[in-house]
Amino acid sequence: MSLDRESALARLSSEPVGHLATITPYGAPHIVPITFAVEGAFLFTIVDQKPKSTTSLQRLTNIGHQPMVSILVDEYDDDWTRLWWVRIDGEASVVESGSNWSLAQRLLMSKYHQYVADPPVGPAIVVAIERVTSWEWAP
């Protein structure tokens, strides 16, 4: 059974990890785990200082080529009556300064205590939420 939009976004927002799906310039799917925060009709994530293999991240290249993205958050439990997932689809943009970047940093610092001592400083991805799809176990 699907959740109403407000309930789905509340459930998504309460979780610590999502999975960002983008499309490479060659048409291949690319999925990475992200930290994120939602405010109004937007989802924000920001490139932080955790070790990465490169600073030229594929997700940023992908968004520059094809801005449509999906973010999936789910809950798995061996008790299948507790299963649920929420997916948002929308158009993403990459920002490196300005009010949306500052908002992304502030929201993520508010949600993740690790960012208080070491604030993220990389580019932010701002997703304009266009569609919310969800499912939960409903006997």
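Values reported hereafter were calculated over all heavy atoms of this structure, with side chains retained and with hydrogens, waters and symmetry mates removed. All figures in this text were calculated on a predicted structure; none of them were measured in a lab.
Among pairs with a residue in residues 6-32, none fulfils ring pair (Phe, Tyr, Trp, His ring centres under 6.0 Å), at least two apart in sequence or across chains.
Residues passing the side chain to side chain contact (heavy atoms under 4.5 Å, CB included) test with Arg11 are Leu3, Trp84, Glu136, sequence neighbours excluded. Residues meeting the side chain to side chain donor-acceptor pair (under 3.5 Å) test with Ser134, sequence neighbours left out: none. Arg82 meets the side chain to side chain contact (heavy atoms under 4.5 Å, CB included) test with Asp77, Asp79; sequence neighbours excluded. Partners of Tyr76 by side chain to side chain contact (heavy atoms under 4.5 Å, CB included), not counting sequence neighbours, listed by chain and number: Asp78, Trp80, Leu83. Residues passing the side chain to side chain contact (heavy atoms under 4.5 Å, CB included) test with Pro25 are Gln58, Thr61, Asn62, His65, sequence neighbours excluded.
Listed here is the closest heavy atom pair of Gln105 and Pro120: NE2-O, 2.9 Å.
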Report all side-chain donor-acceptor pairs from residues 90-102 shorter than 3.5 Å, counting only partners two or more places apart or in another chain.
residue : atom : partner : partner atom : Å
Trp101  : NE1  : Gly122  : O            : 2.7
Ser102  : OG   : Gly98   : O            : 3.2

Could you list the donor-acceptor pairs under 3.5 angstrom formed by side chains in residues 31-47, with sequence neighbours left out?
residue : atom : partner : partner atom : Å
Thr35   : OG1  : Tyr115  : OH           : 3.0
Thr45   : OG1  : Thr35   : O            : 2.6

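Its side chain outside the 4.5 Å cluster rule for every partner, Val116 clusters with none of the Ile, Leu, Val, Met, Phe, Trp and Tyr residues.
Cluster annotation: Val132 and Trp85 are assigned to distinct hydrophobic clusters (Ile/Leu/Val/Met/Phe/Trp/Tyr, side-chain heavy-atom contacts under 4.5 Å, transitive). Linking ILVMFWY side-chain heavy atoms closer than 4.5 Å, directly or via other members, places Ile23 and Val69 in two distinct hydrophobic clusters. Leu72 and Leu9 are not part of a single hydrophobic cluster, where members link through side-chain heavy atoms under 4.5 Å apart.
Counting only distance, with no hydrogens or angles, the side chain of Gln66 and the backbone of Met68 share a donor-acceptor pair below 3.5 Å.
Looking at heavy atoms from C-beta onward, Asp89 lies out of side-chain contact with Glu130 at the 4.5 angstrom threshold.
Atom CD1 in Ile63 sits 5.5 Å away from atom CG in Leu20 (nearest 0.5 Å). Here Ile88 contributes atom CD1 and Ile129 contributes atom CD1; the two are 4.0 Å apart, rounded to the nearest 0.5 Å. The CZ atom of Arg5 lies 11.0 Å from the CZ atom of Arg131; values are rounded to the nearest 0.5 Å.
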